[in-house]
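Take a look at the structure below.
As the structure is a prediction and not an experimental result, all values here were calculated from the model. Throughout, residue positions are numbered sequentially from 1 according to the sequence presented.
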Amino acid sequence: MTLSKRGLEYLAKCKWKDSVKDEKEILKAFEALKIQPTFTLIDFQKRFGGYVEYAYLEPIAFGILQEEPCRGDFVNEKGLIIIEPEDDIIVRHYVCADTLYQETFSIDEQGRFYLGYEIQCNNFETHIEEAAILKVLNKEKWDTVFEYELDIRTRDTYDIIDDYKYRELCKYFGLKKIEDFPDDIISFDRNDNYLVWRLSNSVKVLSKQGIGKSDLEAMNKIFSIS
C-alpha cells in the first residue's frame, strides 16, 4: 500500500531513530525463531522501523526489531517479541513499538495494527495517513461537538464502529471522504460544517461553527443515544 503525498511529506518531517532495515538481518531474526515471515512484516520493518511519534512527551519508536538505546519491552530483548494466540487474541501478534507508554502496540502477520490488542486499522499506512491529517487539524481551530464511543467494558478485540450506522451518518449529512485517504476502519469525512473522524472504537464530529440542536438530535438518533 502506497502513501499519499500528504503522508510522505509527514513522514519526511518526523523524527526517526536507528533501526534494523537490512532484509537479511530481518530474515535472520525470524529464522532464529523458526518462523516464516510474511512480506507485510518485512515491508513494515523496512519502511517504518525507527519511525517515532509521541504520546504526550513519551516517544514511541516503531519497529518489530529495535536498535539500542531502548526504553520499554525491547530493553531486554534483542530480537522479535511475539504474543501467541490465546483467549481473544486469535492470531499471532508482534510487538511493534518500543516505549514506556502504558499500552502495547502490535501488528499481526497480515499487517493489521493494534493498540492494547484492540484492532485500530487494517494497514499501518492508514495510521500514518491519520497522523498526517491530525497534524494539520491540530494547527486549526476545530472543536469536538459530538462523540460516540463503544463501551470499553464490553468491547472485544475486533469490535468496531457499526458500519451501517456510520454510512447513515454520512448519508444524512452529505459527508464525503477526504481525498487520498485509504479505505480502512479509520476514515475522515466532511461537509461544509463538519469534519467526522471515525476510529475503530469511536466517532468524533468536529466543527469550527458549532452544532445546531437538530443536527445533534439526528446524530444521537443514528447512534441510538438517549
Side-chain angles (χ1 to χ4, degrees), residues 1-85 89 91-136 180-186 200:
M1 180 178 170
T2 58
L3 290 169
S4 68
K5 180 181 178 182
R6 175 184 56 242
L8 290 171
E9 289 176 348
Y10 163 78
L11 273 186
K13 297 177 182 178
C14 285
K15 182 177 179 181
W16 293 74
K17 66 168 283 191
D18 290 340
S19 187
V20 180
K21 297 282 194 176
D22 185 87
E23 187 165 331
K24 291 181 180 178
E25 292 300 312
I26 299 171
L27 291 173
K28 189 182 297 183
F30 282 93
E31 289 170 0
L33 298 177
K34 296 181 172 58
I35 294 174
Q36 180 65 38
T38 62
F39 168 82
T40 303
L41 287 173
I42 296 172
D43 184 62
F44 168 79
Q45 181 64 29
K46 290 171 68 175
R47 294 171 65 196
F48 303 115
Y51 158 65
V52 177
E53 62 183 37
Y54 289 84
Y56 303 101
L57 297 177
E58 175 60 28
I60 302 165
F62 284 92
I64 56 175
L65 294 168
Q66 298 280 336
E67 295 257 0
E68 294 182 351
C70 296
R71 295 166 56 81
D73 292 340
F74 286 90
V75 167
N76 298 313
E77 179 54 64
K78 304 306 179 186
L80 300 163
I81 300 177
I82 296 173
I83 302 102
E84 294 290 359
I89 301 174
V91 294
R92 178 184 286 152
H93 285 234
Y94 295 79
V95 175
C96 70
D98 184 67
T99 182
L100 292 177
Y101 185 66
Q102 297 299 307
E103 284 286 7
T104 298
F105 296 79
S106 62
I107 188 172
D108 68 21
E109 292 177 319
Q110 304 308 312
R112 290 172 294 212
F113 175 56
Y114 302 80
L115 176 60
Y117 306 112
E118 293 181 349
I119 192 165
Q120 304 298 303
C121 48
N122 291 318
N123 299 282
F124 191 77
E125 289 89 341
T126 303
H127 177 70
I128 298 295
E129 296 286 359
E130 176 190 35
I133 288 181
L134 292 177
K135 186 171 184 179
V136 174
D180 293 338
F181 199 84
D183 293 322
D184 207 323
I185 296 170
I186 298 170
S200 62

Verdict with supporting geometry, F113 and T126, side chain to side chain contact (heavy atoms under 4.5 Å, CB included): CA-CA 9 Å; F113 175 56; T126 303; over 6 Å; no
Interatomic spacing from SG in C14 to CD in E9 - rounded to 0.5 Å: 12.0 Å
Enclosure of D18 CG (heavy-atom neighbours >12, cutoff 6.0 Å): no
Stepwise side chain to side chain contact (heavy atoms under 4.5 Å, CB included) check, V91 with Y114: CA-CA 12 Å; V91 294; Y114 302 80; 4.0 Å; yes
F62 ring center near F124 ring center (under 6.0 Å): yes
Those residues that, when tested against Q36, pass side-chain hydrogen bond (donor to acceptor under 3.5 Å, both in side chains) (two or more places apart): none
Pairwise distance NZ(K78) to CD(E67) - rounded to 0.5 angstrom: 10.0 Å
side-chain hydrogen bond (donor to acceptor under 3.5 Å, both in side chains) partners for K135, two or more places apart: none
Option from D108, I64, I81, I83 for which side-chain contact (heavy atoms from CB on, under 4.5 Å) with Y94 holds: I64
Residue list, side-chain contact (heavy atoms from CB on, under 4.5 Å) with E31, at least two apart or on another chain: L27
Salt bridge E129-R6, side-chain N to carboxylate O under 4.0 Å: yes
Test item: E23 side-chain N/O and K21 main-chain N/O as donor-acceptor pair under 3.5 Å: no
Point-to-point distance, once rounded to the nearest 0.5 Å, from OG of S19 to OH of Y51: 14.0 Å
Rounded distance (nearest 0.5 Å) linking atom SG of C121 with atom CD1 of I107: 9.0 Å
Atom pair OH/OG1 of Y54 and T99 - distance to nearest 0.5 Å: 10.0 Å
Backbone of C70 reached by a side-chain donor or acceptor of K17 within 3.5 Å: no
Verdict with supporting geometry, E109 and L41, side chain to side chain contact (heavy atoms under 4.5 Å, CB included): CA-CA 6 Å; E109 292 177 319; L41 287 173; 3.9 Å; yes
Heavy-atom closest pair, residues A132 and G7: CB-CA, 4.2 Å
Whether D184 side chain and N122 backbone form a donor-acceptor pair below 3.5 Å: yes
Flag side-chain contact, heavy atom, 4.5 Å: I82 against I35: yes
N/O donor-acceptor pair under 3.5 Å between D22 side chain and K24 backbone: yes
Any donor-acceptor N/O pair, E103 side chain to L115 backbone, under 3.5 Å: no
Working for side chain to side chain contact (heavy atoms under 4.5 Å, CB included), residues V136 and Y10: CA-CA 10 Å; V136 174; Y10 163 78; over 6 Å; no
N/O donor-acceptor pair under 3.5 Å between Q45 side chain and L65 backbone: yes
Minimal non-hydrogen separation, G63 against F74, with atom names: O-CZ, 4.0 Å
Heavy-atom neighbours of E68 CD exceed 12 at 6.0 Å: no
Closest heavy-atom pair and its distance - G72, L100: CA-CD2, 4.1 Å
Pairwise side-chain contact, E118 with S200, heavy-atom cut-off 4.5 Å (strictly under): no
CZ on F181 to CD on E130, rounded to 0.5 Å: 6.0 Å
Side chains of E125 and D43 in contact at under 4.5 Å (non-hydrogen atoms): yes
